[in-house]
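Heads up, the thing below is written out as structure tokens.
Just so you know, ligand 1 is whichever comes first in the structure, and atom 1 is the first atom listed for that ligand.
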Amino acid sequence: MFDGTNSTLVAEPLVVIADRAIVSVHGPGGPVPPGASIIDLPGLTLMPGLIDPHLHLCLDATDDPFGHLEQADDDTLRQQMAEAARRALRAGVTTVRDLGDRGYLALDLRDRHVAGRADPLPAIVAAGPPITTPGGHCHVLGGAASGERGLRAAVRERAERGVDVIKVMASGGNVTPGSLAHVPQFGADSLRAIVDEAHRQGLPVTAHAHSAQSIADAVAADVDGIEHATFMTADGVDAPEALIRAIAARRIAVGWTVGLDPGQRGTAPPQIASRMAALGASRRRLYESGATLVPGSDAGVSPAKPHDVLPYAPEDLAAVGLSLAEILRTMTSGAAQACGLGHRKGRIAPGYDADILAIDGNPLEDLAAIRRLRAVYAGGRAIHTAPGRQATTGVP
Ligand SMILES: [Zn+2]
């Protein structure tokens with residue numbers, strides 16, 4: 001068993017679960033409580049459920065996700081989002097953070113999950129519609145706002161709706177026509193107003209920022225997270241050493257975008273493809289600086305990003321130099337911390353939610369092991385057991 005933090009596996013583990021949570025964890029020959037049902041998973045490795053800290057349930061991972069979104073009414077969209085969430089769950093992603101929906105629909109799904117419905121979904125934390133400029137990146141999600149009063153009101157509206165995090169589009173993006181990823185949308189003063197209002201409401205802020213200037217502005221504004229963090233300029237990539245050091249020192253969560261459907265490799269947008277070598281170098285420097293790295297998929301935005309793509313992230317992280325233990329930690333306990341769930345997600349330990357995967361292989365030696373998924377338990381409930389690998393007794 002990989003427990004979410006340690007760099008070595010626990011041999012012959014016994015994990016005791018009651019209701020939705022882990023009660024105790026033992027090594028070989030641990031005591032089985034009287035009357036317990038036993039799920040025996042011989043030859044498999046247990047690990048915490050994966051956590052995707054950046055996806056979009058409302059985008060359908062086609063080549064026109066925003067066009068389809070605009071055509072869908074809320075009820076249709078809700079059903080599509082639930083199916084996207086189930087797809088992630090079947091791949092072992094037991095917690096997702098939705099960083100941009102329409103109409104706060106991801107919060108509806110989140111609250112349905114808490115109510116414990118018959119069809120299980122992953123645990124969801126959600127930002128609601130991302131705050132953007134009028135006509136700016138992802139404006140079709142409905143989050144446009146401007147001026148200090150408007151931006152503060154936008155944050156308060158989200159707080160009243162019960163979001164878990166504020167998402168702001170600090171720079172343009174790659175998937176909105178007319179929006180340029182290397183160009184800032186909000187300046188440092190606007191970002192500061194958003195962060196100040198969010199922190200007053202007890203909410204963290206994560207800023208979508210491709211532009212090198214936007215990353216600098218976001219750091220100056222004291223954001224809690226930066227999504228993508230590609231340091232793009234008009235003609236390349238510029239990641240100043242002092243900025244990298246500041247991101248590491250302030251423990252800002254760097255939301256790298258990783259994981260591609262293997263059939264869709266080589267389909268990066270041209271503005272990313274042409275910068276790939278420089279992006280790799282800046283990622284390596286962030287890693288070597290000790291920055292807090294939180295890999296997310298951005299699932300939903302393109303055909304290369306289906307909602308179950310996160311298990312393909314390890315290859316991208318290994319290419320930067322992360323060890324397999326670091327990769328597993330960042331995709332479980334590290335991601336849980338970044339999502340504000342470090343106290344109950346991302347570890348197999350007493351008091352944590354029983355979100356547990358059983359995989360075939362040793363994930364500390366084999367990047368692909370997390371894709372040989374044999375069973376998923378979400379809140380102690382069996383979600384998926386591959387054919388021929390049925391648990392022997394007592395699936396709860
Ligand atoms: Zn995104």
### Query
With a cut-off of under 6.0 Å to the ring centre and 45° to the axis, is Arg161 in cation-pi contact with Tyr104?
yes
### Query
Is the shortest distance from a Lys or Arg side-chain nitrogen in Glu227 or Arg97 to a carboxylate oxygen in the other one below 4.0 Å?
yes
### Asp298, N/O/S atom nearest the Zn ion (ligand 1)
OD1
### Message
At a threshold of 2.8 Å, where the distance has to be below it, does the Zn ion (ligand 1) have an N, O or S atom of Glu227 nearby?
### Response
no
### Asp73 atom CG: more than 12 heavy-atom contacts under 6.0 Å
yes
### Message
Taking the basic N atoms (NZ, or NE/NH1/NH2) and the acidic carboxylate oxygens, is any pair closer than 4.0 Å for Glu148 and Arg152?
### Response
yes
### Query
Are any N, O or S atoms from Cys138 nearer to the Zn ion (ligand 1) than 2.8 Å?
no
### Task
Kindly confirm whether the Zn ion (ligand 1) is within less than 2.8 Å of some N/O/S atom in His228?
no
